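Only a predicted model underlies this, so the values are computations on that prediction, with no experimental measurement involved.
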Amino acid sequence: MKIRIGNGYDIHRLVEGRPLILGGVKIPHAMGLLGHSDADVLTHAITDALLGALSLGDIGTYFPPSDPQWAGADSLKLLDQVYQMVRDRGWAIVNIDSVVIAERPKLKPHIADMRRTLAEALSLAPDQVGVKATTNEKLGPTGREEGIAAHAVVLISEIAA
């Protein structure tokens, strides 16, 4: 059995007047993430990890911020397009492990919803999708509450012919 690992990272600035969406879940907060799409850093990190596992570049290669068709895009739809690329190349997701770095809001109450939403989007069981949350102990841009970041690692395996 052939396997591959990919990792992804994303960070976006927090601003007023935007919804906060993480893992496809709208989270109540006074600020949201600034970006060309919905700026869902968790979904973007997972998307980059999938692309990286197959050496296909990064999310900007396929959904560049310079292209107006992606303005305000639902990141779950972008993830679905990349997932189809993975499947079309004969690979399946074994599991995903991810972490969101944010001082606020507290994300623990939303973790199960994020896992479920991502699992549904990728036709996976929720136990194949790990989502953790941590703070940056008030250090750096996430610690100063200037933004939210996410890291993701995916394991994929070749589908038996």
Side-chain angles (χ1 to χ4, degrees), residues 4-65 70-83 86 93-122 124-156:
R4 290 190 178 192
I5 297 170
N7 72 48
Y9 169 80
D10 197 23
I11 187 170
H12 283 272
R13 181 177 304 280
L14 280 163
V15 296
E16 293 182 5
R18 295 261 311 191
L20 178 57
I21 300 170
L22 295 170
V25 175
K26 189 173 182 181
I27 297 173
H29 192 53
M31 301 176 88
L33 295 170
L34 180 63
H36 187 63
S37 67
D38 63 11
D40 181 341
V41 293
L42 176 55
T43 302
H44 291 182
I46 293 168
T47 301
D48 264 351
L50 286 169
L51 289 166
L54 292 175
S55 301
L56 294 175
D58 62 26
I59 194 169
T61 303
Y62 300 93
F63 313 107
W70 308 119
D74 179 341
S75 293
L76 289 177
K77 291 182 180 177
L78 307 182
L79 176 63
D80 180 62
Q81 288 185 43
V82 168
Y83 177 56
V86 170
I93 298 170
V94 176
N95 76 302
I96 297 167
D97 187 28
S98 63
V99 61
V100 179
I101 304 101
E103 294 297 318
R104 289 186 308 127
K106 294 301 178 194
L107 298 176
K108 186 176 180 180
H110 308 285
I111 297 287
D113 287 341
M114 287 187 263
R115 288 181 63 211
R116 188 171 30 260
T117 299
L118 290 164
E120 287 174 9
L122 295 167
L124 300 173
D127 69 354
Q128 290 176 275
V129 180
V131 176
K132 300 178 295 293
T134 191
T135 68
N136 227 20
E137 299 294 328
K138 306 226 182 268
L139 297 171
T142 58
R144 291 187 301 268
E145 298 183 40
E146 295 170 9
I148 294 177
H151 293 269
V153 177
V154 300
L155 178 65
I156 60 174

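- Formation of a donor-acceptor pair under 3.5 Å by the Thr61 side chain with backbone atoms of Asp58 is found in this model.
- With rounding to the nearest 0.5 angstrom, the CG atom of Leu54 is 4.0 Å from the CD1 atom of Ile156.
- Here the options are Leu107, Val25, Ile111, the test is side chain to side chain contact (heavy atoms under 4.5 Å, CB included), and the partner is Val131; only Ile111 passes.
- Within a 6.0 Å radius of NZ in Lys26, no more than 12 heavy atoms belonging to other residues, nucleotides or ligands are found.
- Between the Tyr62 side chain and the Leu56 main chain, a donor and an acceptor come within less than 3.5 Å of each other.
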Item checked: Evaluation steps, side-chain contact (heavy atoms from CB on, under 4.5 Å), between Gln81 and Thr47 -> CA-CA 9 Å; Gln81 288 185 43; Thr47 301; over 6 Å; no
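- The neighbour count for Arg4 CZ, taken as heavy atoms of other residues, nucleotides or ligands under 6.0 Å away, is above 12.
- Residues Val154 and Ala53 share a closest heavy-atom pair of CG2-CB, 4.3 Å.
- Aromatic ring orientation, His151 versus Tyr9: tilted (interplanar angle from 30° to 60°).
- In terms of heavy-atom proximity, Val99 sits nearest to Thr134 at CG2-CG2, 3.9 Å.
- Across Thr43 and Gly23, no two heavy atoms sit closer than the pair OG1-CA, 3.6 Å.
- Once rounded to the nearest 0.5 Å, the distance linking CD of Gln128 with CG of Leu118 reads 12.5 Å.
- With a 6.0 Å radius and a threshold of 12 heavy atoms from other residues, nucleotides or ligands, Arg144 has its CZ atom above the threshold.
- In this structure, the side chain of Asp48 engages the main chain of Ile59 through a donor-acceptor pair within 3.5 Å.
- Checked by atom type and distance alone, the side chain of Glu103 pairs as donor or acceptor with a backbone atom of Glu137 at under 3.5 Å.
- With sequence neighbours excluded, the residues satisfying side-chain contact (heavy atoms from CB on, under 4.5 Å) with Glu120 are Arg116.
- For His12, the ring-ring contact (aromatic ring centres under 6.0 Å, His included) partners are His44, not counting sequence neighbours.
- Leu22 and Asp40 get closest at one heavy-atom pair: CA-OD1, 3.4 Å.
- At a cut-off of 3.5 Å, with distance as the only test, a side-chain donor of Thr142 or Asn136 sits close to an acceptor on the other residue.
- Checking side-chain atoms of Arg115 against main-chain N and O of Pro126 turns up a donor-acceptor pair under 3.5 Å.
- Taking CG from Asn7 and CG from Leu50, the interatomic distance works out to 11.5 Å, rounded to the nearest 0.5 Å.
- A distance of 5.0 Å separates CG in Leu124 from CD1 in Ile93, rounded to the nearest 0.5 Å.
- Contact detail for Ser98 and Gly130: the closest heavy-atom pair is OG-O, 2.7 Å.
- In this structure, the side chains of Ile21 and Ser75 stay at 4.5 Å or more apart for every pair of heavy atoms.
- Taking each heavy atom of Met31 and Leu14 in turn, the nearest pair found is CE-O, 3.6 Å.
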